[in-house]
A.B. asks: 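Before we start, here is the structure in question, set down as structure tokens.
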Number of protein chains: 2
Amino acid sequence: MGRMERRPAGANLAGLRDHNAALVLGLLRASAEGGSRVQLAAQTGLTPQAVSKIVGRLLADGLVVEAGRGESTGGKPRTLLALRPEAGCAVGIELDRRRSTILVLDLAGTTLRRRSVDIGLASGEPERVVGALAKRVSQAVRAAPDGAKVLGVGVGCRGPLDYETGTLHRPAGLPAWDGFPLRGLLEESLDVPNVLLDKDTNVAALAAPAAVSGSTAYLHLADGLGAGLLLNGAVHRGARTNAGEFGHQVLQPDGPQCTCGARGCLEALCMAALADDDPQTAARWLGVGAANLVRLLDIDRILLGGHQIFASPDVYPRAVADQIAEHLPEPEWQSVRVSLTPAGASAVAVGAAQLVIDSALGGI
Amino acid sequence: MGRMERRPAGANLAGLRDHNAALVLGLLRASAEGGSRVQLAAQTGLTPQAVSKIVGRLLADGLVVEAGRGESTGGKPRTLLALRPEAGCAVGIELDRRRSTILVLDLAGTTLRRRSVDIGLASGEPERVVGALAKRVSQAVRAAPDGAKVLGVGVGCRGPLDYETGTLHRPAGLPAWDGFPLRGLLEESLDVPNVLLDKDTNVAALAAPAAVSGSTAYLHLADGLGAGLLLNGAVHRGARTNAGEFGHQVLQPDGPQCTCGARGCLEALCMAALADDDPQTAARWLGVGAANLVRLLDIDRILLGGHQIFASPDVYPRAVADQIAEHLPEPEWQSVRVSLTPAGASAVAVGAAQLVIDSALGGI
DNA sequence: CGAGTTAAGCAACACTGTTGGCAAAGCGCA
DNA sequence: TGCGCTTTGCCAACAGTGTTGCTTAACTCG
């Protein structure tokens with residue numbers, strides 16, 4: 001089943017072509033303005049002629065269109081190229097025990113359709129839930145524009161889970177789902193090329209305009225506290241998709257008991273403050289943890305999400321930024337931007353769809 | 001000067017060739033046994049014929065030799081291939097204010113020569129220190145076997161520094177070195193193709209047999225406490241080479257004052273315990289921090305180094321392993337190996353040389 | 001209006017890995 | 001010993017990549 005081969009892979013001409021095509025698409029996706037062939041050549045290091053050939057293939061595939069002309073810089077003006085958003089779409093699913101969200105994104109990241117529903121994750125049998133999901137996805141896909149290629153389906157779900165195999169791993173309170181081949185069955189039911197299952201926090205980190213460089217951490221404060229790590233632009237999952245256990249760093253070895261068994265976990269401290277209806281204190285603790293994270297991983301950007309964050313949207317960004325500034329030795333050298341996730345409450349579903357788009361457009 | 005382009009790079013045929021050659025070399029380097037062409041084909045996903053061509057080029061370059069035959073598996077026995085260790089060498093330098101180490105490694109990682117000397121880092125002018133270093137490197141290179149290509153020079157140094165530009169950034173107590181073009185000048189003085197400057201903790205993480213998969217953290221407890229992170233096999237540096245600030249995670253917001261200004265940093269707690277001549281307590285604190293790290297990044301292996309570790313080599317690995325086992329929810333699922341760095345006190349210098357070898361053999 | 005400049009395309013090319021066929025070198029059984 | 005079978009590795013022809021050298025298109029400037 002292993003779609004993802006961790007092993008180092010040999011590259012051939014087809015891989016070379018796809019790699020360069022993905023590179024060009026990625027650059028066009030990053031800059032809303034679009035770019036010309038010469039610009040792409042400069043950015044990729046390829047010769048202009050090679051870019052011309054690559055762009056020619058992308059034009060033939062309908063992924064890219066010529067969009068007018070730029071200003072002249074003394075000679076023939078540049079022909080601007082732009083991604084054609086309606087050339088493809090991806091489905092993103094936030095799978096939650098209470099309320100699941102299913103949405104469709106086009107290549108530009110615009111939401112074409114969004115529905116929320118209780119899919120019966122906790123009550124129903126896994127097979128039935130997959131069937132219901134498949135039905136909802138089929139409905140959603142019909143919202144895609146004519147000729148839009150469905151690139152795949154992304155599912156964001158609370159962990160633990162295994163990204164490689166696409167299965168949940170001992171999910172709390174859902175014994176029937178342990179090891180259940182969620183991704184595999186979804187793939188079979190849907191007849192869609194690309195089905196991916198990842199942790200909610202991991203995909204939520206993707207639901208923001210891609211930073212050109214550097215690393216981003218998404219902090220999710222809801223029923224629990226977790227993080228999604230985008231290190232040098234790529235999701236860091238770890239060998240067991242276990243990375244991002246941000247909430248269980250011990251910050252007070254003699255602190256309050258946490259559900260995980262330890263004492264003084266960051267999550268326990270935040271939750272205790274929230275139970276006291278004291279988001280200020282929770283935000284300060286979150287900031288201490290964020291500062292630890294920033295120093296450990298040299299993070300450039302922090303995104304905040306989860307319903308506890310949105311309950312006090314003015315409190316958290318400021319408190320977190322303050323703590324980071326206080327703990328960094330040189331805040332002017334490493335300036336960390338802290339903000340709410342732009343996708344708001346849909347961050348997980350949007351990010352799940354973005355994961356698919358990234359994989360399809362950026363993959364080998 | 002930017003040798004390292006962070007920007008995504010277009011790939012051409014030369015890049016394809018080098019990539020595949022590096023892949024084959026890496027596999028031969030990883031398995032001491034060596035391997036045959038068919039094995040390499042299976043591991044890389046390339047066709048046997050492609051591997052034959054690649055190996056042919058490597059044989060012509062003298063990087064690889066045919067080393068006997070394997071057992072037959074029912075047909076013609078496999079021709080074993082092995083890396084030729086004496087085909088190349090790399091110089092590794094641990095640059096320290098008290099005692100610097102300069103050594104030469106062959107491709108197999110065997111130390112051919114090692115010298116330690118006070119290079120006068122704190123007292124001398126930077127230019128003079130670079131001159132002295134260049135002289136020592138030239139002497140060391142003469143120890144290389146005839147025909148061995150000198151792949152480059154790696155320098156491991158205490159941070160903060162900038163890997164991209166190869167300069168130190170406001171090193172404590174060494175104002176003359178701030179922004180001094182250490183790498184650039186060394187490169188000019190030495191006439192060696194590849195000079196790299198990296199943090200001591202980062203390179204030390206490389207001074208161990210490469211893990212086939214997963215992530216490694218090297219924890220360095222000496223005058224300070226830092227970490228080197230090998231995430232999915234690659235050093236994670238962050239945009240400012242600032243990652244690895246492991247010692248300044250706050251573990252006790254009302255704890256002892258740290259030199260960094262904060263209170264209750266892990267480093268301050270460890271140092272306080274060591275000042276009380278209590279390595280057991282220091283080791284337990286280190287373990288708490290390590291457990292946080294393992295949960296956050298899904299680490300597979302922990303390596304310990306630094307002279308405080310070697311002062312009590314029996315205490316630390318056990319205490320760290322115990323803390324990790326205690327804090328992990330499923331120790332049997334994520335089993336973390338904890339050990340002393342096999343390179344011992346030479347870990348930084350060995351790792352610096354390994355960084356060069358990795359770059360030369362594995363780079364584009 | 002012509003010279004200069006920049007953008008993009010055409011044709012020939014060098015080089016990659018791939019495919020199909022074949023020789024070499026062992027094993028196993030009659 | 002002889003023969004068939006399997007596995008390994010190489011030779012030759014091939015498809016397809018980016019590269020090079022040159023040409024055409026389109027605009028600015030004097």
Side-chain angles (χ1 to χ4, degrees), chain A residues 5 8-25 27-28 33-61 64-82 364, chain B residues 5 8-25 27-28 33-61 64-82 364:
Chain A
E5 295 145 22
N12 53 20
L13 281 174
L16 182 76
R17 166 168 45 74
D18 292 349
H19 169 85
N20 284 339
L23 195 62
V24 167
L25 277 175
L27 288 168
L28 288 177
E33 269 283 302
S36 73
R37 291 168 176 82
V38 273
Q39 280 180 305
L40 291 169
Q43 288 170 328
T44 57
L46 295 168
T47 59
Q49 182 58 24
V51 174
S52 262
K53 285 190 178 180
I54 294 164
V55 168
R57 292 196 292 262
L58 294 175
L59 287 169
D61 290 346
V64 163
V65 288
E66 296 192 340
R69 308 208 147 165
E71 289 184 12
S72 167
T73 58
K76 173 176 174 178
R78 298 167 173 179
T79 309
L80 294 182
L81 301 166
I364 291 273
Chain B
E5 296 145 20
N12 53 20
L13 282 174
L16 183 75
R17 166 168 45 72
D18 292 348
H19 169 85
N20 284 338
L23 196 61
V24 167
L25 277 175
L27 288 169
L28 288 177
E33 269 283 301
S36 74
R37 293 167 175 83
V38 273
Q39 280 179 306
L40 291 168
Q43 288 169 329
T44 57
L46 295 168
T47 59
Q49 182 57 20
V51 173
S52 261
K53 285 189 180 181
I54 294 165
V55 168
R57 291 195 294 261
L58 294 175
L59 286 168
D61 290 346
V64 163
V65 287
E66 295 192 340
R69 308 207 146 165
E71 289 185 12
S72 167
T73 59
K76 175 176 171 177
R78 299 168 171 178
T79 309
L80 294 182
L81 301 166
I364 289 275

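By convention in this document, chain letters (A, B, ...) are assigned in the order of the sequence lines, proteins followed by strands, and residues within each chain are numbered from 1.
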A.B. asks: Nearest heavy atom decides the nucleotide; on that basis, is B/G74 or A/L13 closer to the 5' end of DNA chain D?
C.D. replies: B/G74
A.B. asks: Could you list where the contact with chain B starts and ends along DNA chain C, reading 5' to 3', using a 4.0 Å heavy-atom cut-off?
C.D. replies: C/dC15 to C/dC27
A.B. asks: Between D/dT17 atom P and B/R17 atom CZ, what is the distance in whole Å?
C.D. replies: 19 Å
A.B. asks: Supply the atom-to-atom distance B/E66 CD to B/L80 CG, rounded to the nearest 0.5 angstrom.
C.D. replies: 9.5 Å
A.B. asks: Does A/R57 place a side-chain N or O at less than 4.0 Å from the phosphate oxygens OP1/OP2 of D/dG18?
C.D. replies: yes
A.B. asks: In Å, rounded to the nearest 0.5 Å, how long is the span from CZ of A/R78 to CZ of A/R69?
C.D. replies: 13.5 Å
A.B. asks: Which value, rounded to the nearest 0.5 Å, describes the distance between B/K53 atom NZ and B/L58 atom CG?
C.D. replies: 14.5 Å
A.B. asks: Is there a side-chain contact between B/N12 and A/L16, using heavy atoms and a 4.5 Å cut-off?
C.D. replies: no
A.B. asks: Looking at every heavy atom in both B/A67 and B/A82, which two are closest together, and how far apart are they?
C.D. replies: CB-CB, 4.1 Å
A.B. asks: May I have the distance from B/R37 (atom CZ) to D/dT8 (atom C1'), rounded to whole angstrom?
C.D. replies: 9 Å
A.B. asks: For A/A11 and for A/T73, find the nucleotide of DNA chain C with the closest heavy atom, then tell me which residue's nucleotide is more 5'.
C.D. replies: A/T73
A.B. asks: Residues of residues 45-53 of chain B with any non-hydrogen atom less than 4.0 angstrom from an atom of DNA chain C: list those, numerically ordered, please.
C.D. replies: B/T47, B/Q49, B/A50, B/K53
A.B. asks: Going by heavy atoms in the side chains, are B/N20 and B/L46 under 4.5 Å from each other?
C.D. replies: yes
A.B. asks: Are side-chain heavy atoms of A/L13 and B/L13 found at a separation under 4.5 Å?
C.D. replies: yes
A.B. asks: Can you measure from CD1 (A/I54) to OG1 (A/T44) and round to the nearest 0.5 angstrom?
C.D. replies: 7.0 Å
A.B. asks: Output yes when at least one side-chain N/O atom of B/S72 is less than 4.0 Å from OP1 or OP2 of D/dT8, else no.
C.D. replies: no
A.B. asks: Expressed as a whole number of angstroms, how long is the span from B/L40:CG to D/dT7:P?
C.D. replies: 18 Å
A.B. asks: As an exercise, state the distance from CZ of A/R57 to CZ of A/R17, rounded to the nearest 0.5 Å.
C.D. replies: 6.0 Å
A.B. asks: Return the value, rounded to whole Å, for the distance between atom NZ of A/K76 and atom P of D/dT28.
C.D. replies: 13 Å
A.B. asks: Select from B/N12 and B/E66 the residue whose nearest nucleotide in DNA chain D is closer to the 5' end of that strand.
C.D. replies: B/E66
